[in-house]
Amino acid sequence: MPDLNTIYTKLLTAYGPLHWWPAETPFEVAIGALLTQNTNWKNVEIAIDNLRREQALTPQAIAALPRQELEQLIRPSGFFRQKAERLQQLIEYLQSAHNGTLENLLNQPLEVARLELLQLKGIGPETADSILLYAGNLPSFVVDAYTMRLFERLGSLIGNETYEQVRDLFMSRLPADPERYNEYHALIVEHCKRFCRKRPLCEQCPLQTNCRYANPQARQDP
DNA sequence: GGCCAGGACACCA
DNA sequence: TGGTGTCATGGC
């Protein structure tokens with residue numbers, strides 16, 4: 001089973017530093033994290049561009065929008081009704097508990113901020129960790145479907161682990177460095193978009209010597 | 001025209 | 001606790 005640091009080095013060598021998250025403010029990161037749930041990032045960009053055009057990328061501006069207007073602006077990101085509701089509920093919580101700013105929530109110990117986010121409807125573990133890491137620069141490793149898929153193929157996971165188990169695995173084997181967590185998750189996504197889809201494209205894959213899908217020997221020897 | 005995407009949640013057995 | 005249905009759009 002390949003070492004997690006070895007895989008990181010291979011991915012970094014293959015793709016270079018990616019410097020996520022593509023956003024101008026921490027709150028914009030949180031918007032993107034919510035909107036990208038089970039959605040192609042290109043559709044999220046369309047929705048965020050709509051919000052930017054309406055100067056609606058702040059908690060105050062979104063809170064002031066009528067629900068139906070917000071729904072139409074974020075409609076390209078899919079699931080727009082529930083995402084509009086969840087976005088405004090997040091802002092309501094920030095206003096009630098943190099003077100309306102995400103920064104105040106994030107300026108707490110990691111696990112305190114994480115539990116607060118997880119209490120909110122529509123913010124599950126991946127969305128919470130994305131906000132903590134990419135908006136708050138806090139060392140919380142982000143696990144997503146790509147992470148599960150890739151590291152199952154690499155033999156690091158069985159495939160039935162819970163989110164928290166996988167997060168704990170990465171955080172126990174990597175230094176608690178937000179920059180490292182930031183790049184690692186971004187590299188996993190970039191890699192999987194290219195090679196690690198449900199129909200894998202193994203010919204040019206930089207991890208093919210480690211992967212069960214590309215390497216029959218690795219497949220036989222998990 | 002089907003498949004897929006940087007999930008989360010309610011519901012049920 | 002684990003499996004399943006629902007939410008919805010747009011690119012490929």
Side-chain angles (χ1 to χ4, degrees), chain A residues 7-8 11 15 17-24 26-51 67-93 114-138 140-153 157-167 170 178 180-201 213:
Chain A
I7 297 300
Y8 174 78
L11 291 173
Y15 306 118
L18 300 175
H19 304 300
W20 272 21
W21 182 290
E24 296 183 5
F27 185 68
E28 189 179 326
V29 173
I31 294 175
L34 257 170
L35 295 187
T36 198
Q37 290 172 0
N38 203 37
T39 300
N40 190 306
W41 179 255
K42 288 182 179 178
N43 290 359
V44 177
E45 286 184 320
I46 299 171
I48 290 179
D49 286 345
N50 290 344
L51 293 171
R67 175 68 56 82
Q68 289 190 345
E69 192 171 332
L70 177 60
E71 288 177 355
Q72 292 311 308
L73 290 172
I74 67 171
R75 184 168 182 144
S77 70
F79 308 124
F80 56 89
R81 295 186 188 91
Q82 66 179 30
K83 286 177 178 175
E85 178 184 8
R86 291 168 177 184
L87 202 49
Q88 290 191 321
Q89 285 183 351
L90 166 63
I91 292 166
E92 285 176 16
Y93 177 74
R114 188 170 196 264
L115 285 176
E116 282 194 25
L117 288 170
L118 289 175
Q119 288 173 358
L120 297 172
K121 188 175 179 181
I123 296 187
E126 182 185 339
T127 306
D129 289 327
S130 294
I131 294 171
L132 293 165
L133 179 61
Y134 290 104
N137 199 35
L138 297 169
S140 197
F141 198 88
V142 179
V143 177
D144 63 1
Y146 284 146
T147 310
M148 297 284 199
R149 191 184 305 167
L150 174 59
F151 287 91
E152 182 183 351
R153 293 178 183 186
L157 300 176
I158 300 298
N160 62 353
E161 292 87 349
T162 66
Y163 182 99
E164 300 297 332
Q165 287 173 332
V166 178
R167 176 175 180 260
F170 278 82
R180 171 71 63 103
Y181 290 1
N182 178 324
E183 282 298 337
Y184 208 158
H185 175 245
L187 288 164
I188 291 167
V189 173
E190 178 65 23
H191 173 77
C192 287
K193 279 183 174 177
R194 298 188 190 206
F195 298 108
C196 201
R197 295 177 176 274
K198 292 184 179 177
R199 295 176 182 172
L201 303 169
Y213 276 67

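Below, chains carry the letters A, B, ... as their sequence lines are ordered, and counting in each starts from 1.
- Panel note: side chain A:Y163, backbone A:V143; a donor-acceptor pair is recorded below 3.5 Å.
- Sequence order on DNA chain B of the closest nucleotides to A:T36 and A:L118 puts A:T36 first from the 5' end.
- Rounded to an integer number of Å, the gap from CG of A:L117 to P of B:dA8 is 11 Å.
- Straight-line distance between the C1' atoms of B:dG1 and C:dG11: roughly 13 Å, to the nearest whole Å.
- Here A:L120 lies in heavy-atom contact (under 4.0 Å) with sugar-phosphate atoms only.
- Checking the phosphate oxygens (OP1, OP2) of B:dC4, no side-chain nitrogen or oxygen of A:K193 falls inside 4.0 Å.
- Here the side chain of A:K42 is nearest to one of B:dG6, C:dC12, C:dT9, namely C:dC12.
- Heavy atoms of A:E126 sit under 4.0 angstrom from primed sugar atoms or phosphate atoms, though from no base atom.
- Among the nucleotides C:dG11, C:dA8, B:dA8, the one closest to any side-chain atom of A:T127 is B:dA8.
- Neither side chain, A:E183 nor A:Y8, offers a donor N or O lying under 3.5 Å from an acceptor on the other.
- Under the 30°/60° scheme for interplanar angles, the aromatic rings of A:F141 and A:F170 are found to lie parallel.
- Surrounding CD of A:Q68 are at most 12 heavy atoms belonging to other residues, nucleotides or ligands under 6.0 Å away.
- One atom, CH2 of A:W41, and another, C1' of C:dT9, lie 15 Å apart when rounded to the nearest Å.
- Here B:dG6 presents its C1' atom at 15 Å from CD of A:E183, a figure rounded to the nearest Å.
- One atom, OH of A:Y184, and another, P of B:dG6, lie 19 Å apart when rounded to the nearest Å.
- To the nearest whole angstrom, the two P atoms, one in C:dT6 and one in B:dG6, are 23 Å apart.
- For the pair A:R81 and C:dC7, the criterion of a side-chain N or O lying under 4.0 Å from OP1 or OP2 is not met.
- Ion pair A:R75/A:E71 not flagged as a salt bridge, since none of the NZ, NE, NH1 or NH2 atoms sits closer than 4.0 Å to an Asp/Glu carboxylate oxygen.
- Taking the side chain of A:F79 as heavy atoms from C-beta on, and the options B:dG7, B:dA5, C:dT9, the nearest nucleotide is B:dG7.
- For the pair A:F80 CZ and B:dA5 P, the computed distance is 22 Å after rounding to whole Å.
- Between A:K121 and A:E92, no side-chain nitrogen of the basic residue sits less than 4.0 Å from a carboxylate oxygen of the acidic one, so the salt-bridge criterion is not met.
- Nucleotide C:dT9 holds its C1' atom 9 Å from the CD1 atom of A:I46, rounded to whole Å.
- Heavy atoms of A:K83 sit nowhere under 4.0 angstrom from any nucleic acid atom.
- Using a 4.0 Å heavy-atom criterion, one finds that A:G78 contacts the bases of the nucleic acid, with or without backbone contacts as well.
- Looking at heavy-atom distances under 4.0 Å, A:I123 makes contact with sugar-phosphate atoms alone, never a base.
- Between the side-chain ring of A:W20 and the base of B:dG6, a stacking contact exists by the 5.5 Å and 30° definition.
- Residue A:Y163 contributes atom OH, which lies 20 Å from atom P of C:dT1 at whole-angstrom precision.
- Here C:dA8 presents its P atom at 12 Å from CD of A:Q37, a figure rounded to the nearest Å.
- Remark: the A:D144 side chain and the B:dG6 base include no donor-acceptor N/O pair separated by less than 3.5 Å.
- Taking every side-chain heavy atom of A:N38 into account, C:dC7 is the closest of C:dG10, B:dG6, C:dC7.
- Residue A:R149 has a polar side-chain atom (N or O) positioned under 4.0 Å from OP1 or OP2 of B:dA5.
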